[in-house]
Amino acid sequence: MNIKTMDDIQKLKSTPSIKYINLDIMNPNLEVIYYLLENGEKYSYSDLSEEIKGYIYVSHDIFKQSQMFILDIINSIPSSLSELEIARFLYITIGKNISYDINVLPDKNETFNLQNISTINNLWGSLYYGKGTNHSLSKLYLFLCRIMNINCKIITTGQLGYQKNILMINNRELSTNITQDIPFIQANFKTKNFARYNDNLMLDKKIAYLIDDYNDNKLEKILSNLDYSKENIFQLILNKTATVIGASNIKPIELKIIFEEVFNQYCPDDKITMNNLYINNNNKKEHFLLINFSQKYYSFNYTRNSFVEIPKEELIKNLENKKIGLYLNEKIPFIDTLTEQTI
């Protein structure tokens, strides 16, 4: 049943056969939401946007916990913000709380859990698990903006149905793409996809995204003054960058995107490759990033909060005994004796 108003709630009460609810996210009704939080335990939830049903449902428990988090986000908005500043605050907040999940990408996994993919495609499921897809991220941003009475819509681009958000603020259209900006937000870098407000220092200080400056500006001051003739310069670059961006709080996919930016800027002529691997832990893939430079291999150790060098022999041994696995379409440089079949 599609639920938009309290009149719909009255119809719901008189229709005991209903088990699935499509909640309007274009025109959020907080009275409806509060009612369902307290009385909707027997229903499963999906979204309704411009009369299009989401079709992916989550339990009331997931809906309730995620919706309470949404209300916490709304209540945490600093006072006296303009419409633009609120829109920016919500954008940054999503980027801080949701990451990508390599384990649900078909081009990286020979087998994958369809239920997991479906769940994080749901607006509330993505918040509950802290992992999202392009569609759930764009719908979540729309929902948060609409709760705050900000005119936001979703547009679809390209043949694969990729989604972006358009804001209408002060009679101007602002194009945003939260999916692409998550790594930069998590590293406290300038964003790249929030219209023309990606490096507005005063705005980002006002919404408490920054205290003093962007981390990419801080990183430039540090890396530009290093002695690149030193023998251990590459590992130094890795650890200096990790310290500035707070790498221990950033997941491997986002970390890879950030380091691609860093290498392109500071090591453009060096042959550096990165691979997605995983540790086999009770049949659960724990993703980690492997970086190769000059036939040396490095990975970020979240316990030590620094990059460590992994000896080639140790890496091969763990690949052969299947303690470490290689995601699909990955080939580690200089370890050409192993293939996906042998791994």
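The first residue in the sequence is number 1, and the count goes up from there. Quick caveat: nothing in here was measured; it's all calculated off a predicted structure.
- Annotation for Y228: atom OH counts as buried by contact number, over 12 foreign heavy atoms lying within 6.0 Å.
- A distance of 6.0 Å or more separates the ring centres of F189 and Y214.
- For G132 against I98, the heavy-atom pair with the smallest separation is N-CG2, 3.4 Å.
- In this structure, the ring of Y91 has its center no less than 6.0 angstrom from the ring center of F89.
- The line from CD1 of I33 to CG of L23 is 5.5 Å long, rounded to the nearest 0.5 Å.
- Remark: side-chain polar atoms of H135 are not paired, donor with acceptor, to backbone N or O of N122 under 3.5 angstrom.
- Atom CE of M68 sits in a sparse spot, with 12 or fewer heavy atoms from other residues, nucleotides or ligands closer than 6.0 Å.
- In this structure, CD1 on I70 lies 12.0 Å from CG on N75, to the nearest 0.5 angstrom.
- Side-chain N or O atoms of R146 include none that pairs as donor or acceptor with a backbone N or O of I25 at under 3.5 Å.
- Smallest separation of non-hydrogen atoms from E83 and N170: OE1-N, 4.5 Å.
- No more than 12 heavy atoms of other residues, nucleotides or ligands lie within 6.0 Å of CD1 in I211, so this atom counts as exposed by the packing criterion.
- With values rounded to the nearest 0.5 angstrom, L167 atom CG is found 10.5 Å from Y197 atom OH.
- Screening residues 22-43 for salt bridge (Lys or Arg N to Asp or Glu O under 4.0 Å) gives no qualifying pairs among residues at least two apart or on separate chains.
- With respect to T191, the side-chain hydrogen bond (donor to acceptor under 3.5 Å, both in side chains) criterion is satisfied by exactly one of N198, N177, T176, D199: N198.
- Nearest approach of N215 to A187, heavy atoms of both residues: ND2-O, 2.8 Å.
- Looking at E286 and N281, their side chains do bring a donor and an acceptor atom within 3.5 Å of each other.
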(message) One pair to check against ring pair (Phe, Tyr, Trp, His ring centres under 6.0 Å): Y302 and F288. What are the steps and the verdict?
(response) CA-CA 10 Å; Y302 284 85; F288 72 93; 9.9 Å; no
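- L290 CG to I335 CD1: the interatomic distance, rounded to the nearest 0.5 Å, is 7.5 Å.
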(request) Start with the C-alpha distance between E330 and N276, add both sets of side-chain angles, then the distance that settles side-chain hydrogen bond (donor to acceptor under 3.5 Å, both in side chains), and finish with yes or no. (result) CA-CA 7 Å; E330 300 281 346; N276 298 296; 2.8 Å; yes
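- By the 6.0 Å and 45° rule, R88 stacks over the aromatic ring of F194.
- Listed by first then second residue, pairs satisfying salt bridge (Lys or Arg N to Asp or Glu O under 4.0 Å) with a partner in residues 57-72 number zero, not counting sequence neighbours.
- Of all the heavy atoms in M148 and I74, the pair that sits closest is SD-CG2, 3.6 Å.
- Pairs of residues two or more places apart, or lying in two chains, that qualify as salt bridge (Lys or Arg N to Asp or Glu O under 4.0 Å) and include a residue from residues 121-133 are D101-K131.
- Of the residues H60, Q65, Q67, the one that meets the side-chain hydrogen bond (donor to acceptor under 3.5 Å, both in side chains) test with W124 is Q67.
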(message) Determine whether K96 and N188 satisfy the following criterion, side-chain hydrogen bond (donor to acceptor under 3.5 Å, both in side chains), listing intermediate values before the conclusion.
(response) CA-CA 9 Å; K96 288 290 187 182; N188 276 62; 2.3 Å; yes
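- To the nearest 0.5 Å, atom CD1 of residue I94 and atom CZ of residue F143 are 11.5 Å apart.
- At a cut-off of 3.5 Å, with distance as the only test, no side-chain donor of N103 or K284 sits close to an acceptor on the other residue.
- Between the side chains of K285 and N109, at least one donor-acceptor pair of N or O atoms lies under 3.5 Å.
- In this structure a side-chain-to-backbone donor-acceptor pair under 3.5 Å is missing from K164 to I154.
- Residue I155 is found in a hydrophobic cluster whose other members, listed by chain and number, are I166; membership requires side-chain heavy atoms under 4.5 Å apart, directly or through intermediates.
- Within the 3.5 Å criterion, the main-chain N or O of P333 finds no donor-acceptor partner in the side chain of N292.
- Put simply, the side chain of N329 never gets that close to the backbone of K108: no donor and acceptor are under 3.5 Å apart.
- Aromatic rings from Y278 and Y327 are positioned such that their centres are separated by under 6.0 Å.
- A ring-centre distance under 6.0 Å is not found for Y45 and Y57.
- Remark: the N121 side chain and the S136 side chain contain no N/O donor-acceptor pair separated by less than 3.5 Å.
- Within the model, atoms OG of S44 and CD1 of I18 stand 12.0 Å from one another, a figure rounded to the nearest 0.5 Å.
- Among residues two or more places apart in sequence or in another chain, the salt bridge (charged side-chain N to carboxylate O under 4.0 Å, His left out) test is passed with K296 by none.
- Under the 4.5 Å side-chain contact rule for hydrophobic residues, F69 and L71 share a cluster.
- Listed by chain and number, the residues in a salt bridge (charged side-chain N to carboxylate O under 4.0 Å, His left out) with K218 are D212 (sequence neighbours excluded).
- Residues satisfying the side chain to side chain contact (heavy atoms under 4.5 Å, CB included) test with K206, not counting sequence neighbours, are L81, E85.
- The main-chain N or O of K4 is found under 3.5 Å from a side-chain atom of D8 such that the two form a donor-acceptor pair.
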Donor-acceptor contacts, no H, no angles, side chain residues 220-227, under 3.5 Å, sequence neighbours left out:
from	atom 1	to	atom 2	distance (Å)
S224	OG	E220	O	2.6
N225	ND2	K221	O	2.7
D227	OD1	S229	N	3.0
D227	OD1	S229	OG	2.5
D227	OD2	S229	OG	3.3

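- Panel note: side chain N29, backbone T5; no donor-acceptor pair is recorded below 3.5 Å.
- The two residues Y43 and L12 come nearest to each other via the heavy atoms OH-CG, 3.5 Å.
- Under the 3.5 Å distance criterion, the side-chain polar atoms of Y141 are matched with a main-chain donor or acceptor of A87.
- Screening residues 228-238 for salt bridge (Lys or Arg N to Asp or Glu O under 4.0 Å) gives no qualifying pairs among residues at least two apart or on separate chains.
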Would you tabulate the side-chain donor-acceptor contacts of residues 245-271 under 3.5 Å, counting partners in other chains and residues two or more places apart, or write 'none'?
from	atom 1	to	atom 2	distance (Å)
E254	OE2	Y100	N	2.8
E261	OE1	K192	NZ	3.3
N264	ND2	E260	O	3.1

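- With sequence neighbours excluded, no residue satisfies salt bridge (charged side-chain N to carboxylate O under 4.0 Å, His left out) with D181.
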Please list, one pair per line, the donor and acceptor atoms closer than 3.5 Å that link side chains of residues 307-318 to other protein atoms, with sequence neighbours excluded.
from	atom 1	to	atom 2	distance (Å)
K312	NZ	F334	O	2.9
N318	ND2	E314	O	3.2

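- Put simply, the side chain of N232 never gets that close to the backbone of Q235: no donor and acceptor are under 3.5 Å apart.
- The minimum heavy-atom distance linking I56 with S46 is given by the pair O-OG, 3.0 Å.
- Remark: the backbone N or O of F63 is not paired with any side-chain donor or acceptor of S66 at under 3.5 angstrom.
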